[in-house]
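Quick caveat, the model's predicted, so the values are computed rather than measured. Per chain, numbering begins at 1; letters A, B, ... match sequence-line order.
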Amino acid sequence: MSPAPARRRREALIAYAFVSPWIIGFVSLLAIPLLVSGYLSLTDYELLRPGTELVGAGNYREAFTDDESFRQALSVTARFVLLVVPLDLAAGLGLALLLNVGGRGSALLRTLYFVPVALTGVAGSLAWLWILEPSYGLVNNALSVVGVDGPAWLVSSDSALLGVALITLWTSVGRSMLITLAALRGVPAELLEAATVEGAGRLRRLMRVTLPLITPALFFNLVLGVITNFQAFVQVFVTTAGGPGQSTLVYALYLYRQAFESFRLGYASALAWILLGIVLMFTALLFASSRLWVHYEAEPRR
Amino acid sequence: MIERRTRNRRAGLALGWILVILYLLPFAWMVSSSLKSTAEIFSLPPTWVPTSPRLDNYAEATTAIPFWRYFANSVLVATVATTGTVVSCSLVAYGFARLRARGLRILFPVVLGTIMLPSVVTLVPQYLLFRSLGWVGTYLPLIVPSWLGAGLSGAFSIFLLRQFFLTISPEQDEAARVEGAGSLRILLRVILPQAKPALAVVAVFDFIAHWNDLLTPLIYLNRSELFTLPQGLASFRDIYTTQWNLLMAGSVLAVLPVLVLMLLAQRLLDRGIVIGRS
């Protein structure tokens, strides 16, 4: 017996009523701003200067041909993402596998690994500014104990990006570990036992049963990692402010400066859309590749 | 065979403990530095345990800048924003999980898609929007989006909650409906009480995000009385450039609330994440 159309309509209305906060938020804070920023990117709008004109692709042209800082920002950010994301994934996976053994105290251990996530942001970045201090900080002193001369980290343009990457990794590994661990726990024990019965050793069980089953979580970490780190901002703003010599000028910082220090809102909008384009391309590539290596459970409507 | 598993387990755990100590060394260093005198901070080789711990650093750090005002501001913003996220995302997730309507099936992937939208794209137009509303210089741009499921972790929270709601068996829903309960009452009386782990995860993640957020306050708050703690700390750094002991004291204080929150929610954090199921 199917419900009468009137009742179904009422149910639909109620459903939309519940979802309405998101709809309002989406339209007013996402969809419309997205369109507006697209429009602005085609103008030379500056907040503090009257008289705005349409410049079409002018901003985009300026970015790619005239703006050295833009190219530098792209290069820095690309290198940063390529450095941080694979390491974050690998470390998260490694730790999750390690902590998946369970046993006494493993819950406490898990929480402890998550502690640094609390230090994302200014406080953690300040701490790492001190930790990476070339002469008195923890890292270089620890390195000198094993006879290694540590680099100048955030003070030198050769190593500053590495320093920023280190800070980022330290605060993000806990999160990817948690997500990977949650997925590991979802691996049905029966499958592992069946594999053991068939004589599969630990490595083979890992490669043939566990890893394929957690690829959705790994994929999730990968995509989220790329998107988040393309927009890295705070750790750079607090520690190096893009320097020394623009060696840590991440894209988000450059955009922020164009928008809220130079108030070139039209140009900044173009920069934002360029980033959007890059991230979308990257994401599309990742999704396309996912068919090759991500194993989804049977989904009802696909 | 069981013996080997226990041995492996113990070895794994041992390694895990060794690694975590290494992993948390920076944090220990931060705390230790916060208790040192300026002279001891710059001594080589560095000491781990301060020779004479100075709690004065904390007093100095909290008086050099209006620390507790910034702290209170952050508490206000983060609490109100997180409440908004929990409320609005519960409503929305419930709509997606339990209620049926044409079009909802198409909308949910859109929600997921917004997780992947780089937020920098909406930065400028949102600024212009809030500016035209006269909200620049107030806390409204920091708080209102969360009440529309569009806060710092809005879409992700909706996703998490919906996934969790889907795992709650609909029997109790139906029983309540037979007794005449409306959808809202079912949400409040049946679903939410069973969803505490997921709600805790959402609340903790969202609170941490708002507590640590620098970008939004940087853009919208121009009067220093309104600064949140991240902003305050950043300005602190400008004043006390190399007085690391004071900077560390301030940072430790800034981080404590989040740590406490995480420890309290520890048990719920694991249970609340349900991924990999549609």
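- When all heavy atoms of Gly25(A) and Leu148(B) are compared, the pair lying nearest together is CA-CB, 3.7 Å.
- Atom CH2 in Trp22(A) sits 11.5 Å away from atom SG in Cys89(B) (nearest 0.5 Å).
- Judged by distance alone, the side chain of Tyr113(A) and the main-chain N or O of Gly16(B) form a donor-acceptor pair under 3.5 Å.
- For Leu280(A), no part lies under 4.5 angstrom from a heavy atom of chain B.
- Closest approach of Leu19(B) to Leu98(A), counting heavy atoms only: CD1-CD2, 3.9 Å.
- Using a distance-only test at 3.5 Å, with no hydrogens or angles considered, a donor-acceptor pair links the side chain of Gln231(A) to the main chain of Ser119(B).
- The shortest heavy-atom contact between Ser37(A) and Pro125(B) is CB-CG, 3.2 Å.
- Annotation for Leu44(B) and Ser135(A): closest pair CD2-O, 3.5 Å, computed over non-hydrogen atoms.
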- Query: After noting the C-alpha distance and the side-chain angles of Ile115(B) and Leu224(A), does the key distance pass the side-chain contact (heavy atoms from CB on, under 4.5 Å) rule?
  - Reply: CA-CA 8 Å; Ile115(B) 298 180; Leu224(A) 212 63; 3.8 Å; yes
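- Here the CG atom belonging to Leu104(B) is positioned 4.5 Å from the OH atom belonging to Tyr16(A), to the nearest 0.5 angstrom.
- Side-chain N or O atoms of Arg237(B) include one that pairs as donor or acceptor with a backbone N or O of Val238(A) at under 3.5 Å.
- Interface remark: Phe237(A) contributes side-chain atoms only to the contact with chain B (heavy atom separation under 4.5 Å).
- Neither the backbone nor the side chain of Thr228(A) comes within contact range of chain B; no heavy atoms are under 4.5 Å apart.
- Pairing each heavy atom of Leu117(B) with each of Leu276(A), the nearest pair is CD1-CD1, 3.7 Å.
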- Please report the C-alpha distance between Trp130(A) and Ser33(B) in whole Å, then the side-chain angles of each, then the deciding distance to 0.1 Å, and finally whether the side chain to side chain donor-acceptor pair (under 3.5 Å) criterion is met. CA-CA 9 Å; Trp130(A) 169 229; Ser33(B) 302; 2.8 Å; yes
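- Proximity to chain B (any heavy atom under 4.5 Å) is restricted, for Ile23(A), to the side chain, taken from C-beta onward.
- Thr216(B) is linked by a side-chain hydrogen bond (donor to acceptor under 3.5 Å, both in side chains) to Asp213(B), counting only residues two or more places apart in sequence or in another chain.
- Here CG of Leu99(A) is found 10.0 Å from CH2 of Trp17(B). Values are rounded to the nearest 0.5 Å.
- Both the backbone and the side chain of Val115(A) come within contact range of chain B, each with at least one heavy atom under 4.5 Å from a heavy atom of that chain.
- For the pair Tyr23(B) (side chain) and Trp170(A) (backbone), a donor-acceptor distance under 3.5 Å is present.
- Interface remark: Tyr45(A) contributes side-chain atoms only to the contact with chain B (heavy atom separation under 4.5 Å).
- The parts of Val173(A) that come within reach of chain B are both its backbone and its side chain, each placing non-hydrogen atoms under 4.5 angstrom from that chain.
- Without hydrogens or angle criteria, Asn212(B) side chain to Gly121(A) main chain gives no donor-acceptor distance under 3.5 Å.
- Interface remark: Ile32(A) contributes no atoms to any contact with chain B (heavy atom separation under 4.5 Å).
- Of the possible donor and acceptor atoms, one in the side chain of Gln126(B) sits under 3.5 Å from a partner among the backbone N and O of Leu29(A).
- For Tyr94(B), the part lying under 4.5 angstrom from a heavy atom of chain A is the side chain only.
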- Task: Please step through side-chain contact (heavy atoms from CB on, under 4.5 Å) for the pair Leu47(A) and Tyr127(B), ending with a clear verdict.
- Result: CA-CA 11 Å; Leu47(A) 194 66; Tyr127(B) 174 74; 4.1 Å; yes
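- When heavy atoms are compared at a cutoff of 4.5 Å, Arg10(B) does not approach chain A at all.
- Note: Ile219(B) leads Ile219(B), Leu129(B), Ile208(B) in heavy-atom pairs under 4.5 Å with chain A.
- Leu30(A) touches chain B through backbone and side chain together, each having a heavy atom under 4.5 Å away.
- The two residues Ala234(B) and Val122(A) come nearest to each other via the heavy atoms N-CG1, 3.9 Å.
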- Message: As a quick check of understanding, evaluate side-chain contact (heavy atoms from CB on, under 4.5 Å) for Met30(B) and Trp128(A), giving each step before the final call.
- Response: CA-CA 8 Å; Met30(B) 182 185 171; Trp128(A) 274 89; over 6 Å; no
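- Using a 4.5 Å cut-off between heavy atoms, Tyr39(A) does not touch chain B at all.
- Looking at Ile131(A), both its backbone and its side chain come within 4.5 Å of chain B, counting heavy atoms on both sides.
- The contact between Thr120(A) and chain B is made by backbone and side chain atoms together, counting heavy-atom distances below 4.5 Å.
- A ring-centre distance under 6.0 Å is not found for Phe18(A) and Phe96(B).
- With a 4.5 angstrom heavy-atom cutoff, Arg175(A) touches chain B only via side-chain atoms.
- A distance of 8.0 Å separates CG of Leu129(A) from CG of Leu247(B), quoted to the nearest 0.5 Å.
- With a 4.5 angstrom heavy-atom cutoff, Phe26(A) touches chain B only via side-chain atoms.
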